[in-house]
Amino acid sequence: MVDLRITPVLVWVLFWACATAGYLISVEAGYVPECFPHLEGCTTISQSGREGLSFFIFKAVMIPAAVFTMIYWILNHHWLLTMGQSTKSIWLITSLGLFGAIFLVVYLTFLGSDGDVYRMMRRYGTIIFFVFTFIAECMLTSKCWRLFRRNWIVVVKLVLCSAVAFELVVHGIAKWFLEETRWLENSTEWRSASVLTIYPVLTWLLWRRTGFEIRYGNQANQLDEPRQ
């Protein structure tokens, strides 16, 4: 039986492997320019997986990664319950995370399709994925801070949340002063996506710290109480 607790690690590995492979293949084929996209913003993540072989790799890897992201949020839901957190706030975090992952699938489904409607679906799919996932992770970080305080894992989570929020503010301000901000938008997308894939790994480390376990039986899964 596969241990679903490794789901966050799979999310990180698949997203990174897919984005990197897609970009390198697209550069080699001449579909996108060569640069360091996290800083120079010469292309978007989408453009890296839109043409040629990278298109098939992108969809084949990213859609399973999106499904694993859904599983991650469901497991988070149960973990927070075992930690004695408020049911209403847990449902809000889980709902935001799941909706974000669902819209990532919507974006991937219409990737490579022509037409205004398909372009709109891709755009909103991307926006909702980033925004909902970021809000859910920030809310989860707040929960973790209350539970573990100055634990280094939570501190890293908090720093990353603050860094992404700062980048979004800078990007918003830059539009008022710079004529060309496309490169900034692209590089912000790459950096933010990288951060969003690191969050689940940090949460996984907290799962391990609390002894979070899943038992498989003939009936529904039973979740153990964490070790104190």
Side-chain angles (χ1 to χ4, degrees), residues 4 6-23 25-26 32 37-38 41 43-51 53-77 90-141 157 160-161 163-165 167-168 171 185-204:
L4 291 178
I6 67 170
T7 297
V9 179
L10 292 176
V11 170
W12 177 65
V13 171
L14 290 177
F15 271 114
W16 267 89
C18 181
T20 303
Y23 173 71
I25 292 172
S26 293
V32 298
H38 294 75
T43 187
T44 66
I45 298 175
S46 298
Q47 289 169 344
S48 299
R50 194 175 292 171
E51 303 284 348
L53 178 61
S54 63
F55 172 78
F56 300 102
I57 294 176
F58 202 80
K59 281 198 173 186
V61 177
M62 287 289 276
I63 289 178
V67 173
F68 282 129
T69 302
M70 295 180 199
I71 297 173
Y72 160 71
W73 286 112
I74 293 171
L75 293 178
N76 253 324
H77 181 91
I90 293 175
W91 273 109
L92 179 57
I93 293 173
T94 306
S95 299
L96 287 170
L98 286 175
F99 273 116
I102 289 171
F103 275 91
L104 176 60
V105 174
V106 171
Y107 152 74
L108 292 167
T109 300
F110 293 102
L111 182 65
S113 303
D114 295 325
D116 292 338
V117 175
Y118 298 137
R119 191 177 300 110
M120 181 188 69
M121 295 298 289
R122 291 197 305 271
R123 179 169 180 78
Y124 281 104
T126 304
I127 292 172
I128 292 175
F129 164 68
F130 274 103
V131 173
F132 279 30
T133 303
F134 176 63
I135 294 174
E137 285 292 359
C138 286
M139 292 179 67
L140 178 60
T141 299
K157 271 179 165 282
L160 292 176
C161 279
V164 172
E167 279 218 87
L168 294 177
H171 179 259
E185 182 178 340
N186 292 346
S187 61
T188 299
E189 177 187 287
W190 279 91
R191 289 190 295 270
S192 299
S194 299
V195 169
L196 290 179
T197 61
I198 292 173
Y199 278 133
V201 178
L202 295 171
T203 305
W204 171 72

Any idea which heavy atoms bring [X] and [Y] closest together, and the distance?
X	Y	result
P200	P8	O-CB, 3.0 Å
C18	M62	SG-CG, 3.1 Å
Y72	L140	OH-CD2, 3.7 Å
L196	T133	CD2-CG2, 4.1 Å
F134	L168	CE2-CD1, 4.5 Å
A136	L96	CB-CB, 3.9 Å

Enter the distance from [X]:[atom1] to [Y]:[atom2] here, rounded to the nearest 0.5 Å.
X	Y	atom1	atom2	value
S192	E185	OG	CD	10.5 Å
T43	W190	OG1	CH2	7.0 Å
I6	F68	CD1	CZ	7.5 Å
T69	I63	OG1	CD1	12.0 Å
L202	E137	CG	CD	8.5 Å
I45	Q47	CD1	CD	11.0 Å

F103 atom CZ: more than 12 heavy-atom contacts under 6.0 Å: no
Would one find more than 12 heavy atoms of other residues, nucleotides or ligands at under 6.0 Å from atom CH2 of W12? no
Under 3.5 Å, is there a donor-acceptor pair between the side chain of [X] and the main chain of [Y]?
X	Y	value
S48	Y23	no
T20	A17	no
E189	T44	no
S54	E51	yes

For residues 93-109, pull every pair meeting side-chain hydrogen bond (donor to acceptor under 3.5 Å, both in side chains), keeping only residues two or more places apart or in separate chains. S46-Y107, H77-T94
As a test of understanding, state which of N76, L75, T141 forms a side chain to side chain contact (heavy atoms under 4.5 Å, CB included) with T203. N76
Is the ring pair F15/F129 parallel, tilted or perpendicular, if the boundaries are 30 and 60 degrees? parallel
Taking the side chain as every heavy atom from C-beta outward, state whether I74 and L98 have any pair of such atoms under 4.5 Å apart. yes
